[in-house]
Amino acid sequence: MTEVKSDDERADLDGLSVGRAADIIADDEERVSEMRETLAILAQDGTIRRSAVDDAVANASMVVTTAETRVELAAGKLDSARKTAVPVSDLDLVSARITSFEERLHAIEDRADTLGEAIQEILSMKTDGDLYEIARRIRRVTNAATETQRAADDLQLELESFEGWLTNADRRADELVDDVEAVAESINELDTVAEALAGADGDSESEKAQTWIAAMIRHRVVSLMIVDLRAESAALRRWAERESSRPPSAIEPRLDEIETSHEAVGERLTAHANPKWTAQYGDQLTALDEALDSMEPPVAWDEVEAITTEHRSEGT
């Protein structure tokens with residue numbers, strides 16, 4: 001392990017090669033490569049220079065500015081979507097999506113606000129600050145700005161898609177059909193798991209138990225999906241009546257078929273369960289049911305994911 005140097009020694013990296021500086025400040029030989037990459041931000045021809053701080057900060061500032069611009073564009077796109085949604089903003093199906101987009105934008109804006117503050121903090125260090133710390137902060141703010149830009153771009157694309165969904169009844173109906181068939185496919189996959197459990201003689205008891213509890217959790221989530229799809233179908237029918245447009249057709253009969261298949265798969269999963277599994281995971285599944293039962297359409301699926309992740313971890 002390389003010897004850790006004092007702050008005074010670390011502050012005197014100006015004029016050292018990147019490799020030599022990394023060796024001086026590394027507290028773990030495995031981190032030397034990472035530190036070289038960081039220090040290279042302030043290097044000129046392989047040598048660390050305090051005079052390189054201004055250019056490095058300028059480059060980081062450009063990345064930050066781009067991120068901030070993309071966030072502003074996403075905010076503008078959200079304003080546009082709000083205006084488009086005004087005639088149907090009373091529908092929970094619409095208002096819930098708008099609220100979700102607003103929450104995401106606020107989170108991205110909060111991240112963007114911290115970027116400029118980080119740049120100012122770096123600038124305050126440029127004259128006599130620890131050069132490695134300066135390089136590390138520049139790298140960190142650049143990465144954060146890139147992630148913020150990506151999040152803003154993703155949000156903007158989703159808002160564009162949402163506006164298209166708002167203005168096209170056929171698209172709304174087609175997407176609902178796709179979602180219904182995706183749930184049907186998920187039930188088919190659960191049926192395959194149930195069959196595999198019945199004949200999984202080569203698997204260990206622990207592997208079987210983990211497969212079973214994962215399938216049971218997924219089965220309960222699919223139940224909530226069916227409820228959500230029924231609510232969406234009803235909302236789209238009301239929406240179509242307002243616009244005298246084409247309502248989704250044959251959705252309810254298809255959902256009835258899917259619900260029947262879902263119940264049958266649940267019975268097979270229960271029938272193939274070892275009593276030890278039901279004893280081990282019974283409380284966990286009861287708690288999951290209680291958590292999911294409290295959720296009403298339109299379902300916040302990010303919350304469902306958080307709940308199921310928590311219950312999966314309890315089962316490991």
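Along the sequence shown, the residues carry numbers beginning at 1. The basis for the numbers below is simple: all heavy atoms, side chains too, and nothing from hydrogens, waters or symmetry mates.
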Gap between atom [atom2] of [Y] and atom [atom1] of [X] - 0.5 Å precision:
X: S223; Y: I187; atom1: OG; atom2: CD1; value: 9.0 Å
X: E232; Y: W239; atom1: CD; atom2: CH2; value: 9.5 Å
X: D128; Y: R50; atom1: CG; atom2: CZ; value: 6.5 Å
X: I213; Y: L285; atom1: CD1; atom2: CG; value: 4.0 Å
X: I217; Y: I307; atom1: CD1; atom2: CD1; value: 11.5 Å
X: R218; Y: L269; atom1: CZ; atom2: CG; value: 10.5 Å

**Request:** Given side-chain contact (heavy atoms from CB on, under 4.5 Å), test H272 with E195 step by step and report yes or no.
**Result:** CA-CA 9 Å; H272 296 320; E195 292 179 4; over 6 Å; no

Linking I/L/V/M/F/W/Y whenever their side-chain heavy atoms sit closer than 4.5 Å, directly or via other members, would [X] and [Y] fall into one cluster?
X: L229; Y: V227; answer: no
X: V183; Y: V221; answer: yes
X: L16; Y: V53; answer: yes
X: I251; Y: L91; answer: yes
X: I108; Y: V63; answer: no

Note: [X]-[Y] ion pair, threshold 4.0 Å (strictly below):
X: R254; Y: E181; result: yes
X: R136; Y: E133; result: yes
X: E37; Y: R139; result: yes
X: E241; Y: R237; result: no
X: R268; Y: E263; result: no

**Message:** Between T84 and F162, does the side-chain contact (heavy atoms from CB on, under 4.5 Å) criterion hold? Intermediate values first, please.
**Reply:** CA-CA 10 Å; T84 303; F162 176 59; over 6 Å; no

Examine distances only and state if a side-chain atom of [X] and a backbone atom of [Y] form a donor-acceptor pair shorter than 3.5 Å.
X: S80; Y: G76; value: no
X: R172; Y: L166; value: yes
X: E207; Y: S204; value: yes
X: D228; Y: P297; value: no

Side chains of [X] and [Y], heavy atoms from C-beta outward: is any pair under 4.5 Å?
X: Q120; Y: L123; result: yes
X: I24; Y: Y132; result: no
X: V193; Y: W212; result: no
X: I119; Y: R137; result: no
X: H106; Y: E109; result: yes
X: L13; Y: I25; result: yes

[X] and [Y]: side-chain donor and acceptor closer than 3.5 Å?
X: R104; Y: S100; answer: no
X: Q149; Y: T66; answer: no
X: T38; Y: R140; answer: no
X: T309; Y: E305; answer: yes

**Under the salt bridge (Lys or Arg N to Asp or Glu O under 4.0 Å) test, residues paired with R82 that sit two or more places apart** = D79, E102

**Asked** Mind checking what makes salt bridge (Lys or Arg N to Asp or Glu O under 4.0 Å) contact with D289, not counting sequence neighbours?
**Response**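 In terms of salt bridge (Lys or Arg N to Asp or Glu O under 4.0 Å), with neighbours along the sequence ignored, D289 is linked to R220.
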
**Verdict with supporting geometry, M216 and Y281, side-chain contact (heavy atoms from CB on, under 4.5 Å)** = CA-CA 10 Å; M216 293 297 286; Y281 297 112; over 6 Å; no

**Test ring pair (Phe, Tyr, Trp, His ring centres under 6.0 Å) applied to H262 - qualifying residues, sequence neighbours left out** = H219

**Message:** The criterion is ring pair (Phe, Tyr, Trp, His ring centres under 6.0 Å); which residues satisfy it with W301, sequence neighbours excluded?
**Reply:**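 Partners of W301 by the ring pair (Phe, Tyr, Trp, His ring centres under 6.0 Å) criterion come out as none, since no residue qualifies.
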
**Message:** For a side-chain contact (heavy atoms from CB on, under 4.5 Å) check, start with the C-alpha distance between S233 and L176, then their side-chain angles and the critical distance, and finish with the verdict.
**Reply:** CA-CA 7 Å; S233 176; L176 177 59; 3.9 Å; yes

Testing the basics here: between [X] and [Y], what is the closest heavy-atom pair and its distance to 0.1 Å?
X: A52; Y: Q44; value: CB-NE2, 3.8 Å
X: S161; Y: R171; value: OG-NH2, 2.5 Å
X: R36; Y: A22; value: CG-CB, 3.5 Å
X: L224; Y: V304; value: CD2-CG2, 3.8 Å
X: A74; Y: L159; value: O-CD1, 3.6 Å
X: P248; Y: A173; value: CA-CB, 4.2 Å

**Message:** Checking E185 now: which residues fulfil side-chain hydrogen bond (donor to acceptor under 3.5 Å, both in side chains) with it, not counting sequence neighbours?
**Reply:** none

**Message:** D90: which residues meet the side-chain hydrogen bond (donor to acceptor under 3.5 Å, both in side chains) condition with it, sequence neighbours left out?
**Reply:** R242

**Prompt:** Quick check: are there more than 12 heavy atoms from other residues, nucleotides or ligands sitting under 6.0 Å from CD of E296?
**Reply:** no

